[in-house]
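What follows is a short report on a single structure.
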Amino acid sequence: MNYLLFVVTFFPISFMPGINMTLALSVGMSMGYMRAIPMILGQLVGVVLVSFLCILGAATLLMRYEFVFEMIRIYGAIYIIYFGIMLFFSCGKLSVKSYKGDMNKRTLFTQGLIISFSNPKAWIFFAAILPPFLDKQDPFGTGMCLLVFLLALVEFTCLSIYSLGGAALKRILFNHLRMLEIFTASLMCFIGIWMILS
């Protein structure tokens, strides 16, 4: 199997702005890159789970029982909108310093996992793109593990780039923390609405 072709194919698609990348940008802006790492790790766990399930054929099951897929998607959207609304109505209470304390690592990890796992485009994309790269003789062997590892590595790189970009933008807007909070809250609500409508 051509792993280089997989990376070259997957990287530009993964790097495109989407729900995961927008969340990485938002959390990077709010709390900085190092504090965003638990959320990025949660997103990676979600991506790996989705890719494994797609490879094992769960995508077919979810397409047959569409209501399960819809429930996962709606739950994830409501979850992210909730955090956006909390931040919007904080009136400065969740500014950079206190926001760091209020969002513990477990919450960030869970948020990243739920958003990543409930992203419908990830399910569709992985179900479509992964099968051609699998070894037909041994689809569940070491080739599959290496493929998922490369997928996670590419995703981590893209999420880190977005989160670092958000952290850099935060430094520019540091004197306007309330404006940053409103922007971040609006971005999070936009992600949730996007998930519901997509």
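Worth knowing before you read on, the calculation uses all heavy atoms, side chains too, and leaves out hydrogens, waters and symmetry mates. We number each residue from 1, following the sequence as shown.
- Looking only at side-chain heavy atoms (C-beta outward), L153 and V7 stay at 4.5 Å or farther from each other.
- Counting heavy atoms from C-beta outward, Y162 and I40 have side chains that stay 4.5 Å or more apart.
- A donor-acceptor contact shorter than 3.5 Å is absent between the side chain of S26 and the backbone of T22.
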Before giving the answer on side-chain contact (heavy atoms from CB on, under 4.5 Å), spell out for L53 and F117 the whole-Å C-alpha distance, their side-chain angles and the decisive distance to 0.1 Å.
-> CA-CA 11 Å; L53 291 172; F117 192 79; 3.9 Å; yes
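- Atoms CG and CG, from L150 and L146 in turn, are 4.5 Å apart once rounded to the nearest 0.5 Å.
- Closest of all the heavy-atom pairs between S163 and A36 is OG-CB, 3.4 Å.
- The backbone N or O of N20 lies less than 3.5 Å from a partner atom in the side chain of Q43, making a donor-acceptor pair.
- Atom CD in Q111 sits 12.0 Å away from atom OG in S116 (nearest 0.5 Å).
- N104 contributes atom CG, which lies 8.0 Å from atom CZ of R35 (distance to the nearest 0.5 angstrom).
- Distance check, rounded to the nearest 0.5 Å: CG of L159 to CG of L25 gives 11.0 Å.
- The backbone N or O of I114 sits less than 3.5 Å from a side-chain atom of S118, completing a donor-acceptor pair.
- Expressed to the nearest 0.5 Å, how far CE of M31 lies from CD1 of I37 amounts to 11.0 Å.
- Inter-residue side-chain proximity for L41 and L44 is flagged as met; some heavy-atom pair is nearer than 4.5 Å.
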